[in-house]
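Chain letters run A, B, ... following the sequence lines, proteins first, then strands; residues in each count from 1.
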2 protein chains.
Amino acid sequence: MNTSKKNYHHGDLTASLLNAASQIIEEQGVEGLSMRKLADTVGVSRTAPYHHFKDKNALLCALAEKGFQQQAQRLLALRTQKEGASVQLFAAYVHQYLDDAIQHKETYDLMYGRTLWKTGKPNASLKVASKHTFKCWIDWVEVLQKDSVLPSDNTPLRIGQTTWASLHGLARLFIDGIYLDQSDLTQMKEQMIRQLCVSHLPCT
Amino acid sequence: MNTSKKNYHHGDLTASLLNAASQIIEEQGVEGLSMRKLADTVGVSRTAPYHHFKDKNALLCALAEKGFQQQAQRLLALRTQKEGASVQLFAAYVHQYLDDAIQHKETYDLMYGRTLWKTGKPNASLKVASKHTFKCWIDWVEVLQKDSVLPSDNTPLRIGQTTWASLHGLARLFIDGIYLDQSDLTQMKEQMIRQLCVSHLPCT
DNA sequence: TTGATATGTTGACAGTGTCAAGATAGGTTT
DNA sequence: AAACCTATCTTGACACTGTCAACATATCAA
């Protein structure tokens with residue numbers, strides 16, 4: 001059929017490839033993933049994967065897409081979780097976002113790195129998934145603005161863009177190995193929260 | 001001699017390689033640079049460059065180092081330039097930093113990308129150069145704190161780290177092709193400045 | 001002149017992504 | 001049941017990559 005591959009020769013190569021690729025990337029990064037090695041780990045010949053993914057790029061897009069879906073779900077969960085003040089929820093999100101990004105460095109890099117967005121061509125469905133994730137973020141930003149957590153001197157889009165850019169930048173510095181001191185991270189996260197929130201400098 | 005290569009066979013291969021490589025990278029990015037093509041453009045055989053650079057990595061490090069030196073000089077120039085209020089100077093720097101990063105995307109990526117810092121091993125002298133550039137930044141941050149442009153609720157190091165991370169994040173989003181709308185950039189830069197500066201919310 | 005050393009060359013090896021041509025196995029149609 | 005189509009997998013091949021080893025030569029010092 002179309003969607004569900006039955007036991008042809010391998011079983012379910014599509015899924016096996018995605019799983020193996022995901023693991024290799026988590027361990028060695030995108031640079032460590034080669035189609036040939038991947039095929040070898042799964043136990044098929046070099047070109048077998050090309051019957052399931054047009055390209056190496058297509059495989060990576062599919063992988064990244066899964067990451068975006070997970071992140072979108074996490075964002076939605078946060079919005080519904082109404083217990084606790086918004087400020088603390090936001091602070092918790094910042095911590096979570098960065099911890100998560102750093103714990104899964106390589107996946108984060110796959111999702112937001114130039115391998116997919118610049119060098120390769122992002123898939124149509126990958127674009128959709130990432131835009132949806134971003135929309136979830138913007139929606140939450142709007143709420144945070146109403147709760148006076150984030151500044152209201154601009155549209156939710158702009159505030160969402162710049163605040164996210166800040167988080168992204170911090171994440172990248174650690175992920176790319178420019179900053180390495182994990183001990184700095186905690187303090188930087190807290191400073192970043194102060195920088196982003198309205199309550200940054202309490203007016204009297 | 002040691003430093004100045006005279007007219008041996010080629011003339012000055014070291015410099016020629018750096019120039020050609022720099023140009024290729026500006027045009028096609030790091031991914032578009034291959035040692036073989038580079039040697040070909042310069043007009044030598046494939047392995048000739050290896051007598052001037054131990055590695056492809058070493059060549060890239062040398063290239064990035066030049067970038068850091070330029071940036072450090074620009075930072076120093078800003079600090080001595082005392083005309084105009086500090087706030088406006090800082091705003092101008094933010095604009096310049098991002099415009100420059102985006103205009104020379106590929107060089108920026110070389111300097112701060114994972115190609116050098118994560119995948120490859122950054123040179124000893126590259127580390128020195130980048131640290132020096134960063135120190136220039138921190139020194140200026142200290143001044144900006146005293147001028148009440150940047151917040152003083154933390155050390156110059158921390159403030160410097162987080163503010164720079166924000167700029168870096170914004171730069172990366174455009175460089176990596178995640179954001180493409182140049183028209184958004186102007187507004188995002190201005191919002192970012194507001195986010196970073198103390199005057200963000202004027203206290204009455 | 002005699003070396004030493006810096007610089008350049010060709011040949012080779014292992015690795016990469018991916019196309020083309022052929023084999024086979026599964027499901028569908030007659 | 002036989003015939004056929006198509007999804008899947010295979011081997012072979014090509015052009016590309018970084019870089020090592022061995023060899024050639026040009027330049028400078030003794």
Side-chain angles (χ1 to χ4, degrees), chain A residues 1-21 24-25 28-63 110 113-116 118-123, chain B residues 1-21 24-25 28-63 110 113-116 118-123:
Chain A
M1 283 297 130
N2 237 337
T3 51
S4 68
K5 312 280 160 54
K6 300 284 163 56
N7 294 31
Y8 264 63
H9 304 70
H10 173 90
D12 195 347
L13 230 195
T14 313
S16 295
L17 287 170
L18 286 175
N19 287 335
I24 293 178
I25 286 179
Q28 319 182 33
V30 211
E31 302 89 352
L33 177 74
S34 92
M35 292 298 269
R36 295 168 102 110
K37 272 194 331 191
L38 173 62
D40 210 50
T41 16
V42 171
V44 292
S45 72
R46 300 146 263 155
T47 57
Y50 286 87
H51 291 269
H52 300 260
F53 299 97
K54 172 185 163 288
D55 257 344
K56 184 180 188 178
N57 183 64
L59 196 161
L60 295 179
C61 283
L63 229 41
L110 176 67
R114 62 162 23 206
T115 309
L116 248 44
K118 180 83 199 299
T119 309
K121 296 277 169 216
N123 228 348
Chain B
M1 283 298 129
N2 236 338
T3 50
S4 68
K5 312 281 161 59
K6 299 286 162 56
N7 294 32
Y8 265 64
H9 304 72
H10 177 273
D12 195 346
L13 231 195
T14 312
S16 296
L17 288 171
L18 286 176
N19 287 336
I24 292 178
I25 286 177
Q28 319 182 33
V30 212
E31 303 89 352
L33 178 75
S34 91
M35 291 299 268
R36 295 170 101 110
K37 272 195 328 190
L38 174 62
D40 211 50
T41 345
V42 172
V44 291
S45 70
R46 301 146 264 157
T47 57
Y50 287 86
H51 289 271
H52 300 260
F53 300 96
K54 172 184 161 288
D55 256 345
K56 183 180 189 179
N57 184 63
L59 196 162
L60 295 179
C61 283
L63 229 41
L110 176 67
R114 62 163 23 204
T115 309
L116 247 45
K118 180 85 199 299
T119 310
K121 295 277 168 218
N123 227 350

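Atom-to-atom, NE2 of B:His52 to C1' of C:dT9 comes out at 13 Å; the value is rounded to the nearest Å. One can place CG of A:Leu13 at 16 Å from P of C:dA25, the figure rounded to the nearest angstrom. Atom C1' of nucleotide D:dT17 and atom NZ of A:Lys56 are separated by 13 Å, given to the nearest angstrom. Between the P atom of D:dC14 and the OH atom of A:Tyr50 lies a distance of 18 Å, rounded to the nearest Å. Atom C1' of nucleotide D:dT19 and atom CG of B:Asn57 are separated by 13 Å, given to the nearest angstrom. Regarding B:Leu33, its CG atom lies at a distance of 14 Å from the C1' atom of D:dC16, rounded to whole Å. Nucleotide C:dC19 holds its P atom 16 Å from the CZ atom of A:Phe53, rounded to whole Å. Going from atom NZ of B:Lys54 over to atom P of C:dA6 covers 18 Å, rounded to whole Å.
Counting atom types as modelled, B:Arg46 pairs no side-chain N or O with a base atom of C:dG8 as donor and acceptor under 3.5 Å.
No salt bridge links A:Glu31 with B:Lys118; every basic N to acidic carboxylate O contact stays at or beyond 4.0 Å.
Within residues 34-44 of chain A, the residues having any heavy atom closer than 4.0 Å to DNA chain C are, in order of number, A:Ser34, A:Met35, A:Arg36, A:Lys37.
B:Asn123 contributes atom CG, which lies 7.0 Å from atom CG of B:Asn57 (distance to the nearest 0.5 angstrom). Expressed to the nearest 0.5 Å, how far CG of B:Asp12 lies from NE2 of B:His52 amounts to 8.0 Å.
Comparing B:His51 and B:Asp55, the nucleotide of DNA chain D nearest to each residue sits closer to the 5' end for B:Asp55.
Of the candidates A:Leu33, A:Ile25, A:Val44, A:Leu38 forms a side chain to side chain contact (heavy atoms under 4.5 Å, CB included) with just one, namely A:Leu33.
In this structure, A:His51 and A:Leu13 have side chains that are not in contact, with every pair of non-hydrogen atoms separated by 4.5 Å or more. Under the 4.5 Å side-chain criterion, counting only non-hydrogen atoms from C-beta, A:Leu110 is not in contact with A:Thr115.
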